[in-house]
Amino acid sequence: MTKPTIHALSRRAVLRGTGALILAFSLSGRAFAQTETGASATPLRGLPGSLDATPRLDAWIRIAPDGNATIFTGKAELGQGIRTALLQVAAEELKLPLSRLDLITADTGRTPNEGYTAASHSVQDSGTAIRNAAAQVREILIGEAARRSGVSRADLTARDGVVTGPAGLSLGYGELVSDTLLHVDAAPTSTLTDPRDFTVMDRPVPRVDIPAKVTGGAAYVQDMRLPGMVHGRIVRPPSYGARLVALDAGPVEAMPGVLKVVRDGAFLGVIAEQEWTAIKAMRWLATLARWEETAQLPDEARLPEALMALPTRDTTILDVGQPDAPAFTLDTLFSRPYLAHGSIGPSCAIAYLEGDAMTVWTHTQGVYPLRDALAGLLAMPPEKVRCIHAEGAGCYGQNGADDAGADAAMLARALPGRPVRVQWMREQEHAWEPFGPGMVARVRAALGPDGAISAWQHDVWSQSHMMRPGPPGTLLAARDKAEPFPPAPPVDLPMPEGGGDRNAVPLYVLPNARAVNHFLPEMPLRGSSMRSLGGYLNVFAIESTMDELARRAGQDPVAFRMRHLQDERAKAVITTAAERFDWKDRPKPPAGGGYGFAFARYKNLEAYCAIALEVAIDADTGRLLVTRVAAAVDTGQVVNPDGVRNQIEGGIVQATSWTLFEGVRFDRRRITSVDWAAYPILRFSRVPRAVEVHIIPRPGLPFLGAGEAAQGPMGAALGNAIRDASGQRLATLPLDASRIRHAMMDPPPLR
Amino acid sequence: MITFTVNGTRRTIAAAPDTPLLYVLRGELELNGAKFGCGLGQCGACTVLVDGEPVFSCITPVMLLDERTVRTIEGLGSADAPGPVQAAFIAEQAAQCGYCIAGMVMRAQALLERDGDPDDDAILAALEPSLCRCGTHVRIVRAVKRAARTMAGKPMAGKVEAVR
């Protein structure tokens, strides 16, 4: 598990932990392209995974004299189980037992720079790097044993941390390793273990972090207690861009237990010895502040129209054949509201200014980009700012993590020598996190005389899904300061992964098709990355349209998809989900019942996922219950099958919540959905009653991330099941009880 | 001064009487299990047991606890010697980020202490006040069923333990 590095507070310990390492290998540079992980879009050296940016083997793996290994990753545990998966990969290729491995995650003082832990790239980027590095380290150790013993390396075997050979030859990794042995660049190819010989990978190894999490261990940044630590809280403006016009902080400064009120322009914070005192001081300070509000938010009731009326930068991302049909069979406007990440634990960070060095413990997804942003914010050299990842609650994209890091750093700068812990309040997380953007997708499609799709057009409107640090202007504190940083420019993530247009290009083989990304440079509400980015709405739109076309053509929705696919792996997940659900022989549903099916390959590049499900709807209330789900997934080579299942199950349940319940609420000035009452999410009473996940084995194929594969198909399958039950096609998310009730009442059913 | 029993030990608390129990547990008593989630009694991350019943510690002033008995997840077992509910959550791998899990475990503990053989509806109802955002619900329900079997002296062999 992540042990908070409390010892690192002493300067000597910091040097002991990192100084030697910094001398031993140079961390990779800070050349960030505009990709979702921050990695270079084009290979630098042609090395596997993140080795391409950080080729030195000892940047990834160090072997101690006792033969135990420490693995370094620039990715972070976000609750997705990456810590366990990366340890499995390393143990498998190093031929060392898991218990002899330690893993250091994202830390600008110690680990490679792997950009952001995002986009389902962690196993692909870091897992690939560690796997190859571990295999090469193992071969180097075998080579060293051969050199020392004079035995041919073909006669040597590495197992359980020992190289053995004829005549009782036995050399432990600790004996073989020397200071310089692993200080070499990776080779382009590695001797990887054959999947048939796996003993650790492709096994459901229990997660190493769960025991602490179920027993009250110090598992999160929220749990860290540093010597001399004090508590900070922030007073945020009431709305975007509000100006602080008057504040007499005197009464709060005089409160017993309050150490400081920090003010820099409209950035307001309090620091107190005790956490509850800090909260009371924050509330009092909030009542004393007078603001002038200027925000002009869109009309929430007409959000799709408001988004489509904004200026756009258009990119045609697909154009084949003659997509302009004389008449379209279907022309549907799909939309989703802004969605909150909704972390159960509000964002938290601890910052500590000691001399001229700032250390920030943070649950950011990108320690290096945040380090750069904080250096800009604080006008400090980047090498004097260290960001260390410590787990927070699940984030599902960019929540308030980076902003809380900046808040803590602003307060810590005002109180040198004391670690300052800042946790956001619930209403701050709900109002100020960068939401998953509201979006619109219009899909037009025509059926030909043969019952196949003859023309297809997809248009999508969305603001940026990528407003993460680096630039200081991405941080709330930087915008509120007396001398504010300019707002960061909006990033339109390019294809093939895409941003708002992610998954807007259908995987189906369509002879006449066009897709256009209408990127909105303006941002009516603060937004950034949230799981699957535009993929959720685009898949919802495409799969709803596929389902509707199949119905219009009088074809089974599964067969209709199959006839438009050539990708064998896509066909395999669809076939498997349909078979496991018994789709062909599904009985006629009872009144209020319905079946839905949907499929996508995430980004058209990552995991394949197909979902079949059954719902039961109470027509009087519109209450929908998912009674059964069968999912099939192909994530390439699996590292931890139980981890994949956990991610897919989670995606299914989370997307059920998004689809049935969620939408950020606002008036023309303020975000109003500032708690769980105003922003309801799924509770246990509405949990899908039976969820099966079937994994297609793909031994030896590249890793594909699993964390975002299910969300799009699950949303679409729900819409298709409601269509099956009600006869009505719902295209405006969320598909909440009110909309479902109306659909169930609206005659005539089309079935 | 307020005195109450926490996980079997009598503690006298210096905090102001209006301080919510959560801040006393996490601050003065340095217990990590109960989490701040909303401060509004809406999410259940702060759930602990008071005289055997689940309460939202984030909205319970410590003054109400004088001479009462508080149990937190630390009182159920440790990573090396987990209690039956904790062991069931580990066996089912019923966590992703895990931030909500301590609250879930405490609700399950309270349920199983008053009903040794709860049906699905009883489990769902007991857990309803607690939110999970990772979508681990299906596993959490399985873990509660597994714990019920263990506590009834009929432990499940189960696929999960078999492969681990």
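Computation of the quantities below employed the complete heavy-atom set of this structure, encompassing side-chain atoms and omitting hydrogens, waters and symmetry-equivalent molecules.
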Given that the side chain runs from C-beta out, which part of [X] has a heavy atom under 4.5 Å from chain B: side chain, backbone, both or neither?
{"X": "A:Ile344", "value": "both"}
{"X": "A:His231", "value": "neither"}
{"X": "A:Ala710", "value": "neither"}
{"X": "A:Ile279", "value": "side chain"}
{"X": "A:Gln274", "value": "neither"}
{"X": "A:Ser657", "value": "side chain"}
{"X": "A:Arg645", "value": "both"}

Name, in order of residue number, those residues of residues 101-115 of chain B that have a heavy atom at a distance of less than 4.5 Å from a heavy atom in chain A; otherwise write 'none'. B:Ile101, B:Met104

Determine whether a donor-acceptor pair (N or O, by modelled atom type, separation under 3.5 Å) exists between the side chain of [X] and the backbone of [Y].
{"X": "B:Arg133", "Y": "A:Gly345", "result": "no"}
{"X": "A:Tyr220", "Y": "B:Cys97", "result": "yes"}
{"X": "B:Gln93", "Y": "A:Arg207", "result": "yes"}

Give me each pair satisfying salt bridge (Lys or Arg N to Asp or Glu O under 4.0 Å) with a member in residues 120-130 of chain B, each pair once, sequence neighbours excluded. B:Asp120-B:Lys145

Report the option among A:His430, A:Arg686, A:Gln654 that has the most heavy-atom pairs separated by less than 4.5 Å from atoms of chain B. A:Gln654

Count the heavy-atom pairs under 4.5 Å between each of A:Val653, A:Leu78, A:Thr215 and chain B, then report the option with the highest count. A:Thr215

With the side chain counted from C-beta on, respond yes when [X] and [Y] share a heavy-atom pair under 4.5 Å apart, and no when they do not.
{"X": "B:Ile123", "Y": "A:Phe684", "value": "no"}
{"X": "A:Arg689", "Y": "B:Leu124", "value": "yes"}
{"X": "A:Ile681", "Y": "B:Leu131", "value": "yes"}
{"X": "B:Tyr99", "Y": "A:Glu391", "value": "no"}

Only pairs of heavy atoms separated by less than 4.5 Å count here; which of [options] has the most with chain A?
{"options": "B:Gly33, B:Gly39, B:Ala95, B:Cys132", "result": "B:Ala95"}
{"options": "B:Thr136, B:Val141, B:Leu127", "result": "B:Leu127"}
{"options": "B:Gly27, B:Ser78, B:Ala45, B:Cys100", "result": "B:Ser78"}

Does the side chain of B:Gln96 pick up a donor-acceptor pair with the side chain of A:Gln647 at under 3.5 Å? yes

Does any donor atom in the side chain of A:Asp675 or B:Gln42 lie under 3.5 Å from an acceptor atom in the other side chain? yes

Applying side-chain hydrogen bond (donor to acceptor under 3.5 Å, both in side chains), name anything that partners A:Arg203, two or more places apart in sequence or on another chain. none

Does B:Lys35 have any salt bridge (Lys or Arg N to Asp or Glu O under 4.0 Å) partners at least two apart in sequence or in another chain, and if so, which? A:Asp223

On a heavy-atom basis, which atom in A:Trp424 and which in B:Phe36 lie closest, and how many Å separate them? O-CE2, 3.5 Å

Intermediate values then yes/no, salt bridge (Lys or Arg N to Asp or Glu O under 4.0 Å), B:Arg139 and A:Glu649: CA-CA 9 Å; B:Arg139 287 169 180 244; A:Glu649 289 170 12; 2.8 Å; yes

